[in-house]
Engineer: 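Sharing a structure here in structure tokens format.
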Amino acid sequence: MRELSDHDLAYHLATGIGDIVRGTRAGGLLHGRSLARVANEVAQSWTDEVLAVHRPDDGTLSEGVSDDLSRLDKARVWIIDVIDGTKEFSTGRSDWSVHVALVVDGRPALASVGLPDAGRVFRSDQVDHVDGPFSGTMVISRNNPPAGVHEIADELGLRVRPMGSAGAKMLSVLLGDADVYLHAGGQYEWDQAAPVAVALASGLHASRPDGSPIEFNKSDAHSPDILVCRPDLTEKVLAATAGWSV
């Protein structure tokens, strides 16, 4: 069996999950909740088997799998969301993503984030953010926009654009289509681990809105907020979000 590096394994997992999930749309035979349920189950089953074969000693945390907390005894933990943006995926939108991250001692070590409908996978070892003109845009949650975010956008002089998954919003900053991604009010580690790892590797700023680092592999997988922005805006954005919570 071919030995894969962690970076390559994350990439092949993200690519394979995207292929599997998109395949469940074949022929338009399933829709809505049925489509989302089958896509999650099939992709998660494949992912679990791949990790059992290639990284049997590592811990795992996934949205679609019951958490027995055995991961807390592991230094290395794979944190995965096979469909981040289930509503977007199941209704035919393209702003959903695949998240595969390896966390080591609570910090994101590497990741791949896939945008399957765009045919792209972003690896943390092969990524840079676009450093061009400002877009003048802040991306926020389409389904759960946090209270007060429009006021912060106004203070920063940014227009607000709702989007689907956390991964898609982070990548919009990486690609230069947005300057800031801001969220509060509730997410989970599988929403954030891969986007944070790719953002940091690309040179973007990624933290909680108060500037503290986002920690992973906690006993409570809830992770309430996130800020990703261009590095040259970090000081200005942190000043605007100081003390902000939902």
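Basis for what follows: all heavy atoms, side chains included, without hydrogens, waters or symmetry-related copies. The shown structure was predicted, so the numbers you read here are calculated from the model rather than taken from an experiment. This chain uses plain numbering: 1 for the first residue, then up along the sequence.
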Engineer: Name all residues meeting the side-chain contact (heavy atoms from CB on, under 4.5 Å) criterion together with V130; count only those two or more places apart in sequence or in a different chain, and write none if there are none.
Structural biologist: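 Per chain and number, V130 pairs via side-chain contact (heavy atoms from CB on, under 4.5 Å) with no residue.
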
Engineer: Are L182 and V196 connected in the hydrophobic side-chain network, where two residues link if heavy atoms are under 4.5 Å apart?
Structural biologist: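 No; V196 is not reachable from L182 via cluster members.
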
Engineer: Find out whether L204 and L174 are in side-chain contact, i.e. whether some heavy atom of one side chain is under 4.5 Å from a heavy atom of the other.
Structural biologist: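 L204 vs L174: side chains touch.
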
Engineer: Would you check if there is a donor-acceptor pair between the side chains of D117 and W96 at a distance under 3.5 Å?
Structural biologist: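 The criterion, which ignores hydrogens and geometry beyond distance, is satisfied for D117 and W96.
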
Engineer: With a 4.0 Å cut-off on N to O distance, would you call D8 and R123 a salt bridge?
Structural biologist: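 A salt bridge is present here (some side-chain N lies under 4.0 Å from a carboxylate O).
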
Engineer: Of all residues at least two apart in sequence or in a different chain, which pass the side-chain contact (heavy atoms from CB on, under 4.5 Å) check with L30?
Structural biologist: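 Scan of L30 (side-chain contact (heavy atoms from CB on, under 4.5 Å), adjacent residues dropped) gives S34, L35, V38.
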
Engineer: Test your reading of the model: is there a side-chain donor-acceptor pair from R71 to the backbone of I79, 3.5 Å cut-off?
Structural biologist: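 Pair absent, no side-chain N/O of R71 close to backbone of I79.
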
Engineer: Show, in sequence, the C-alpha distance, side-chain angles and deciding distance for D105 and F216, and conclude whether the side-chain contact (heavy atoms from CB on, under 4.5 Å) test is met.
Structural biologist: CA-CA 8 Å; D105 294 327; F216 297 97; over 6 Å; no

Engineer: Quick one: are V65 and D48 in side-chain contact, heavy atoms under 4.5 Å?
Structural biologist: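 Yes; the side chains approach each other to less than 4.5 Å.
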
Engineer: Less than 4.5 Å apart, any side-chain heavy atom of V77 and any of L102?
Structural biologist: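 Contact flag for V77/L102 side chains = no.
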
Engineer: Is any side-chain heavy atom of H7 closer than 4.5 Å to one of S124?
Structural biologist: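 SC-SC contact between S124 and H7 confirmed.
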
Engineer: D81 side chain to V98 main-chain N or O, any donor-acceptor pair under 3.5 Å?
Structural biologist: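 No; zero donor-acceptor contacts below 3.5 Å.
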
Engineer: Could you list the cluster mates of V121? Members are the ILVMFWY residues connected by side-chain heavy atoms closer than 4.5 Å, either directly or through other members.
Structural biologist: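 Joined to V121, directly or through intermediates: Y11.
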
Engineer: Of all heavy-atom pairs between R142 and P162, which one has the smallest distance, and what is that distance?
Structural biologist: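 Taking R142 first and P162 second, the nearest heavy atoms are NH2-O, 3.2 Å.
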
Engineer: For D154, what residues pass the side-chain contact (heavy atoms from CB on, under 4.5 Å) criterion, not counting sequence neighbours?
Structural biologist: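 Counting only residues at least two positions away or on another chain, D154 forms no side-chain contact (heavy atoms from CB on, under 4.5 Å).
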
Engineer: Do Q192 and S223 have a side chain donor and acceptor closer than 3.5 Å?
Structural biologist: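 Yes, because at least one side-chain N or O of Q192 sits under 3.5 Å from a partner of the opposite role on S223.
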
Engineer: Please determine which of H183, H222, H99 meets the ring pair (Phe, Tyr, Trp, His ring centres under 6.0 Å) test together with Y188.
Structural biologist: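 Among H183, H222, H99, the one meeting ring pair (Phe, Tyr, Trp, His ring centres under 6.0 Å) with Y188 is H222.
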
Engineer: Assess, by modelled atom type and distance only, whether the side chains of Q44 and S62 contain a donor and an acceptor separated by less than 3.5 Å.
Structural biologist: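 Per modelled atom types, Q44 and S62 side chains form a pair under 3.5 Å.
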
Engineer: Identify the heavy atoms of A39 and F89 that sit nearest to each other, and give their distance.
Structural biologist: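 Shortest heavy-atom contact: CB-CE2, 3.7 Å.
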
Engineer: Return each pair, listed once, that meets side chain to side chain donor-acceptor pair (under 3.5 Å) where at least one residue sits in residues 166-180; pairs must be two or more places apart or across chains.
Structural biologist: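 Output for this query lists S135-D179.
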
Engineer: With a 4.5 Å cut-off on side-chain heavy atoms, are V113 and L171 touching?
Structural biologist: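 They are in side-chain contact.
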
Engineer: Is atom NZ of K74 surrounded by more than 12 heavy atoms (other residues, nucleotides or ligands) closer than 6.0 Å?
Structural biologist: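 Yes, NZ of K74 has more than 12 neighbouring heavy atoms, counting only those of other groups under 6.0 Å.
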
Engineer: Given W46 and V42, is the side-chain contact (heavy atoms from CB on, under 4.5 Å) satisfied, shown in steps?
Structural biologist: CA-CA 6 Å; W46 179 81; V42 174; 5.8 Å; no

Engineer: Apply side-chain contact (heavy atoms from CB on, under 4.5 Å) to the pair W190 and D84, showing each step before the final yes or no.
Structural biologist: CA-CA 8 Å; W190 47 77; D84 186 66; 5.5 Å; no

Engineer: For the residue pair N143 / E88, report whether a side-chain donor-acceptor contact shorter than 3.5 Å exists.
Structural biologist: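 Yes.
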
Engineer: What's the verdict on side-chain contact (heavy atoms from CB on, under 4.5 Å) for F134 and R230, showing C-alpha distance, side-chain angles and the deciding distance?
Structural biologist: CA-CA 9 Å; F134 291 114; R230 289 176 51 141; 3.3 Å; yes

Engineer: To the nearest 0.5 Å, what is the distance between OG1 (T47) and CD1 (I17)?
Structural biologist: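 Those atoms lie 3.5 Å apart.
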
Engineer: Hey, could you give me the CE/OG distance between M163 and S141, rounded to the nearest 0.5 Å?
Structural biologist: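 With rounding to 0.5 Å, CE (M163) is 11.0 Å from OG (S141).
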
Engineer: For D6, is there an ion pair with R76 - N to carboxylate O distance below 4.0 angstrom?
Structural biologist: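 Salt bridge between R76 and D6, a charged N being under 4.0 Å from a carboxylate O: yes.
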
Engineer: Give, for atom CG of L227 and atom CE of M138, the distance between the pair rounded to the nearest 0.5 Å.
Structural biologist: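 It comes to 8.0 Å.
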
Engineer: Are L238 and L200 connected in the hydrophobic side-chain network, where two residues link if heavy atoms are under 4.5 Å apart?
Structural biologist: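 In one cluster: no.
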
Engineer: I'd like to know if the side chain of T241 reaches the main chain of P209, judged simply by a donor and an acceptor atom lying under 3.5 Å from each other, with no hydrogens or angles considered.
Structural biologist: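 Yes: the side chain of T241 pairs with the backbone of P209.
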
Engineer: Where is the tightest heavy-atom contact between Q187 and A166, given as atom of each residue plus distance?
Structural biologist: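 Between these two residues, the closest heavy atoms are NE2-CB, 3.9 Å.
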
Engineer: For the atom pair CG (D128) and CZ (F122), what is the distance rounded to the nearest 0.5 Å?
Structural biologist: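 Atom-to-atom, D128:CG and F122:CZ are 12.0 Å apart.
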
Engineer: Using atom types as modelled and distance alone, determine if a side-chain donor or acceptor of S202 lies under 3.5 Å from a backbone N or O of A199.
Structural biologist: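 Yes, S202 side chain to A199 backbone: donor-acceptor pair under 3.5 Å.
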
Engineer: Do you know which two heavy atoms are closest between E3 and R55, and how far apart they sit?
Structural biologist: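 For E3 and R55, the tightest heavy-atom pair comes out as OE2-NH1, 4.5 Å.
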
Engineer: Drop me the distance from S165's OG to K87's NZ, to the nearest 0.5 angstrom.
Structural biologist: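 Reported to 0.5 Å precision, the distance equals 13.5 Å.
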
Engineer: Considering all heavy atoms of both residues, which atom of S212 and which atom of S207 are nearest to each other, and what is their separation?
Structural biologist: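 Result for this residue pair: O-CB, 3.3 Å.
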
Engineer: In this structure, are over 12 heavy atoms from other groups packed under 6.0 Å from E41 atom CD?
Structural biologist: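 Above 12, so yes.
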
Engineer: Has the side chain of D95 got a donor or acceptor atom that lies under 3.5 Å from a matching backbone atom of G164?
Structural biologist: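 Yes, the answer is positive, given that a donor and an acceptor are paired below the 3.5 Å cut-off.
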
Engineer: Is V160 reachable from V173 through a run of hydrophobic residues whose side-chain heavy atoms are each under 4.5 Å from the next?
Structural biologist: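 No, separate clusters.
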
Engineer: Between R208 (side chain) and I214 (backbone), is there a donor-acceptor pair under 3.5 Å?
Structural biologist: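 No, because the side chain of R208 does not come within donor-acceptor range (under 3.5 Å) of the backbone of I214.
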
Engineer: Identify the two heavy atoms, one from D131 and one from D232, that lie closest to each other, and give their separation to 0.1 Å.
Structural biologist: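 Here D131 and D232 meet closest at OD1-OD2, 4.4 Å.
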
Engineer: Quick one: do V228 and V149 end up in the same hydrophobic cluster if we chain Ile, Leu, Val, Met, Phe, Trp and Tyr together by side-chain heavy atoms under 4.5 Å apart?
Structural biologist: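 No, separate clusters.
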
Engineer: Hydrophobic cluster membership, with links at side-chain heavy-atom distances under 4.5 Å among I/L/V/M/F/W/Y: are V198 and V180 in one?
Structural biologist: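 No, separate clusters.
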
Engineer: Using the test side-chain contact (heavy atoms from CB on, under 4.5 Å), find all partners of S219 that sit at least two apart in sequence or belong to another chain.
Structural biologist: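 Listed in chain order: L72.
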
Engineer: Does some side-chain heavy atom of L9 sit less than 4.5 Å from a side-chain heavy atom of W78?
Structural biologist: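 W78 vs L9: side chains touch.
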
Engineer: First locate atom OG of S112, then atom CZ of R120, and finally report the distance between them rounded to the nearest 0.5 Å.
Structural biologist: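 Going from OG on S112 over to CZ on R120, the span is 13.0 Å.
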
Engineer: Got a donor-acceptor contact below 3.5 angstrom from the E189 side chain to the N217 backbone?
Structural biologist: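 Looks like yes, one N/O pair under 3.5 Å.
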
Engineer: Does N40 use its side chain to pair, donor to acceptor, with the backbone of A36 at less than 3.5 Å?
Structural biologist: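 Answer holds: yes.
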
